[in-house]
Number of protein chains: 2
Amino acid sequence: MRLSDAEWKVMKAVWDHQPSTARQVLNSVGNDTGWAYSTVKTMLTRLTDKGALSSEMRGNTAVYSPRISQGDAQRSAVRSLLDRAFGGAMAPMLRFMTDGSDLSAADRAAIRDLLQQTDEGAR
Amino acid sequence: MRLSDAEWKVMKAVWDHQPSTARQVLNSVGNDTGWAYSTVKTMLTRLTDKGALSSEMRGNTAVYSPRISQGDAQRSAVRSLLDRAFGGAMAPMLRFMTDGSDLSAADRAAIRDLLQQTDEGAR
DNA sequence: GCGAAGCTATTACACTTGTAGAAGGCTGTC
DNA sequence: GACAGCCTTCTACAAGTGTAATAGCTTCGC
């Protein structure tokens with residue numbers, strides 16, 4: 001399951017608050033994105049068609065629930081980046097995560113040590 | 001600089017062998033992709049327009065060189081995934097990399113320990 | 001019961017991406 | 001010097017993405 005940028009934003013809103021109506025999603029992401037209601041609705045429809053969400057009518061209003069977990073989506077996004085940009089090799093990707101990151105210097109040093117061990121182990 | 005799937009494949013070929021002609025790129029990726037020559041050429045033109053490659057005519061043949069380093073492209077791809085799918089938080093992303101990965105069990109355990117420290121540090 | 005407000009479904013349109021064919025220009029070889 | 005082969009540039013087209021307007025149905029408050 002491949003999610004586009006806009007789809008990620010919508011999915012996050014639904015993961016955070018399940019189930020959600022279109023209105024609720026708009027309230028959640030609207031400030032950030034400036035989207036129109038109908039934009040959100042289109043996204044929700046497309047995500048439902050893709051199988052990422054399920055929808056159920058409650059009265060005359062559709063409520064949407066995730067059909068895939070955030071964890072699965074994240075896992076497959078990482079996997080896909082790994083394959084696309086790093087030839088599937090985990091270690092080099094970790095290495096890039098340790099530069100200029102949000103981790104503390106100590107954390108970064110620790111990761112770096114870990115990677116060195118990985119390298120030595122592979123040799 | 002955002003690279004699409006196909007663009008990544010082309011860029012990797014050029015990074016591996018600089019500078020490269022369209023024919024060389026095709027030889028490098030053609031087996032894998034089954035692309036036509038003109039497909040590669042289109043990609044190279046688009047990448048040049050985007051500023052990811054520079055091109056220079058050598059005789060009647062264009063040779064392409066990277067204008068951005070593989071490292072920079074990787075870094076920005078990681079950054080972008082981090083923002084899109086993990087709200088910019090490094091630790092959760094690392095956590096997903098430690099499940100079902102190519103790293104050895106020992107490596108994964110080590111990363112897990114590291115993350116635990118990160119969590120405690122943040123508390 | 002009627003109007004406002006909210007909901008749905010349909011349609012649209014520009015841009016990006018993947019993929020390539022076609023037409024026309026050089027060049028090396030016989 | 002003509003033809004094969006390789007190169008370039010132009011054009012195309014379907015699918016996916018971002019973004020939304022619009023039209024018509026429902027419902028709640030007065």
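In what follows, every chain begins at residue 1, and chains take the letters A, B, ... in the order their sequences are listed.
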Closer than 4.0 Å, any side-chain N/O of B:Arg23 to the OP1 or OP2 of D:dC7?
yes
Salt bridge (charged side-chain N to carboxylate O under 4.0 Å, His left out), that's the test. Do A:Arg2 and A:Glu7 meet it? Break it down for me.
CA-CA 9 Å; A:Arg2 184 83 160 240; A:Glu7 287 172 346; over 6 Å; no
Could you check how far [atom1] of [X] sits from [atom2] of [N], rounded to whole Å?
X       : N      : atom1 : atom2 : answer
A:Asn27 : C:dG6  : CG    : P     : 11 Å
B:Arg58 : D:dT8  : CZ    : C1'   : 17 Å
B:Leu26 : C:dA20 : CG    : P     : 10 Å
B:Glu56 : D:dC7  : CD    : P     : 17 Å

Answer yes when B:Arg79 and B:Asp83 have at least one side-chain N-carboxylate O distance shorter than 4.0 Å, and no when they do not.
yes
Give a yes or no on whether a salt bridge exists between A:Arg75 and A:Asp72, defined as a side-chain N under 4.0 angstrom from a carboxylate O.
yes
Just by protein heavy atoms under 4.0 Å, how would nucleotides 9-30 of chain D read 5' to 3' in B, S and -?
B-------BBBBB---------
When you compare the side chains of A:Ser80 and A:Arg84, does any donor N or O come within less than 3.5 Å of an acceptor on the partner?
yes
Just wondering, do A:Trp35 and A:Val10 contact through their side chains at under 4.5 Å, heavy atoms?
yes
Quick one: do A:Leu53 and A:Met11 satisfy side chain to side chain contact (heavy atoms under 4.5 Å, CB included)? Show the steps, please.
CA-CA 8 Å; A:Leu53 294 175; A:Met11 287 303 294; 3.6 Å; yes
